[in-house]
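For reference, the structure is listed below as structure tokens.
Not measured: the values here are computed from a predicted model. Every chain is numbered from 1, with letters handed out A, B, ... down the list of sequences.
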There are 2 protein chains.
Amino acid sequence: MLDEELLAGADVPGMRPVQQQRSRELVVRLMNEGLTLLQDHDFDSLSVEALCARCEATVGSFYGRFESKEAFIDTLQRLVVADARRYLDAIYASDAVPDDSLPHLLAWICKGGVRWYRDHEGLIRACLRRATHDRRTWTPLREAGRLHVAYALPHIVALLPPEPGTALEERITFAFQMLFGTLNNMVLIDPGPVSLRQPAAARTLAAAMHQLIVLRM
Amino acid sequence: MLDEELLAGADVPGMRPVQQQRSRELVVRLMNEGLTLLQDHDFDSLSVEALCARCEATVGSFYGRFESKEAFIDTLQRLVVADARRYLDAIYASDAVPDDSLPHLLAWICKGGVRWYRDHEGLIRACLRRATHDRRTWTPLREAGRLHVAYALPHIVALLPPEPGTALEERITFAFQMLFGTLNNMVLIDPGPVSLRQPAAARTLAAAMHQLIVLRM
DNA sequence: TTATAATTAGAATGATAATTCTAATTATAG
DNA sequence: CTATAATTAGAATTATCATTCTAATTATAA
């Protein structure tokens, strides 16, 4: 759920800055209703008219705020990433991060990851469908993934015997690439055998991460 | 590259069966030009008019054959899966499958997989964008993945010490889930560190598969 | 309080593309 | 060879939505 606090820090091109309280509320409403609609729609089929109707607003007010539907979507994506960043900042600053064993740490990471994916399934699917393969174009998914790895990696490294060179870091980064790849694929086509909504999902993924990171002797 | 042979075996709802040679040729042309266009477009932005222009055909002839654009896309997807099946049938029936060691076999599997993804990148991206999460809806990606696992699994099992129950099979199937997830994600958002076009891609994936399948003692 | 900027409303416009229609033209079975 | 079914052409039709416009209405700073 996005809130006005996030909006305050946001300066997104394509959105005219809000000045009045009623506008601030409208933007927050548009964002949250947008997220709801994305549970059944992708960005293309998300109609501005339908969105405004749900918010009891009109297309006029929509375009008074956003340069285009495109700009609205960009804003929404950026706010969700800001929300994720706020969450990661808070949780990694707390003492919630397990530091007693690698399996515990990985279980905790995967559990959090799976929960985030479950909570943002609609948006994630829409972003995946819209994403260009081109690495120069920004997408919230790359950014959120990058963030997540940046936070987690030092904690993982700290629980393992040091290795010369960057081999360990490379293995960890690639393990995350496989993790997010698998999660994204669950959201998009859910190929099985493991599904996002299965209780065992996080556990299975954590075990896989462990296999990928710790070298066999 | 799709050909008339594939078309012969196909009976797709939404496509009126071809009777004359010129029609057969047109359908093959539409399919292959469609595949070409998908390198830069997804299914939505693939316009029937543009497609027909490239094939030196007209929209009239297009709709004479296909009930709708939807039906055309379905047909295209089914033909590509038929093509993949034909390829897998042939290669697994030959003596090309390594049976001397698991690393060799996995390297061979991943190399083939990466090549298929490179050759079909446009179509795969388009399918991923279109796919519904709903498992009841058919998508070529689930089907092709399922096929691939069905062919590969017995060969992998044969190279490992037997285990009681289905644990080994489950590990293998899940390793494939991660493999295809990672590949799909490369096609969609290419998050790095490893990319589909890097020479090391297949090797890295094969190493990961090995880690996932063989249990640490 | 009042001038001014911000906001709202919702009908009107425009653009894009899928789809249909009808009259030729062409292939093929008997 | 010829009747009939298949195919082609491309203009015309629809449908869907994003976007714009203009006249109220409302908030806010001085």
TODO: Can you figure out which of C/dT19, D/dT8, C/dT8 approaches the side chain of B/Ser68 most closely?
DONE: C/dT19
Open item on the list: In this structure, how many angstroms lie between the P atom of D/dC17 and the CZ atom of A/Phe43, rounded?
Closed with: 17 Å
Task: Ring-ring centroid check B/Trp116 B/His120, cutoff 6.0 Å - done: yes
Task: Distance test, side-chain N/O of A/Ser23 to OP1/OP2 of C/dT7, below 4.0 Å - done: yes
- [ ] Enter the distance from B/Arg85:CZ to B/Arg78:CZ here, rounded to the nearest 0.5 Å.
- [x] 11.0 Å
Open item on the list: At 4.0 Å (heavy atoms only), tell me whether B/Gly64 reaches a base, stays on the sugar-phosphate, or touches nothing.
Closed with: nothing
TODO: Please work out if B/Leu46 contacts a base, only the sugar-phosphate, or nothing of the nucleic acid, heavy-atom cut-off 4.0 Å.
DONE: sugar-phosphate
Open item on the list: I need the A/Leu26 CG to A/Met31 CE distance, nearest 0.5 Å.
Closed with: 9.5 Å
Open item on the list: Does a side-chain N or O of A/Tyr63 approach OP1 or OP2 of D/dT20 to a distance below 4.0 Å, or not?
Closed with: no
Open item on the list: Can you measure A/Arg29 atom CZ to C/dT8 atom P for me and round it to whole angstrom units?
Closed with: 9 Å
Task: Short side-chain donor-acceptor distance under 3.5 Å, A/Asp42 and A/Ser45 - done: yes
TODO: Please tell me which of the listed nucleotides, C/dT19, D/dT8, C/dG10, lies nearest to the side chain of A/Val59?
DONE: C/dG10
- [ ] May I ask you to evaluate whether B/Arg16 reaches the phosphate of D/dT7, defined as a side-chain N or O under 4.0 Å from OP1 or OP2?
- [x] yes
Task: Side chain of B/Lys69 (C-beta onward), nearest among C/dT8, D/dT8, C/dT19 - done: C/dT19
Open item on the list: Counting the atoms with a prime plus P, OP1 and OP2 as sugar-phosphate, which does B/Ser47 contact under 4.0 Å by heavy atoms, base, sugar-phosphate, or nothing?
Closed with: sugar-phosphate
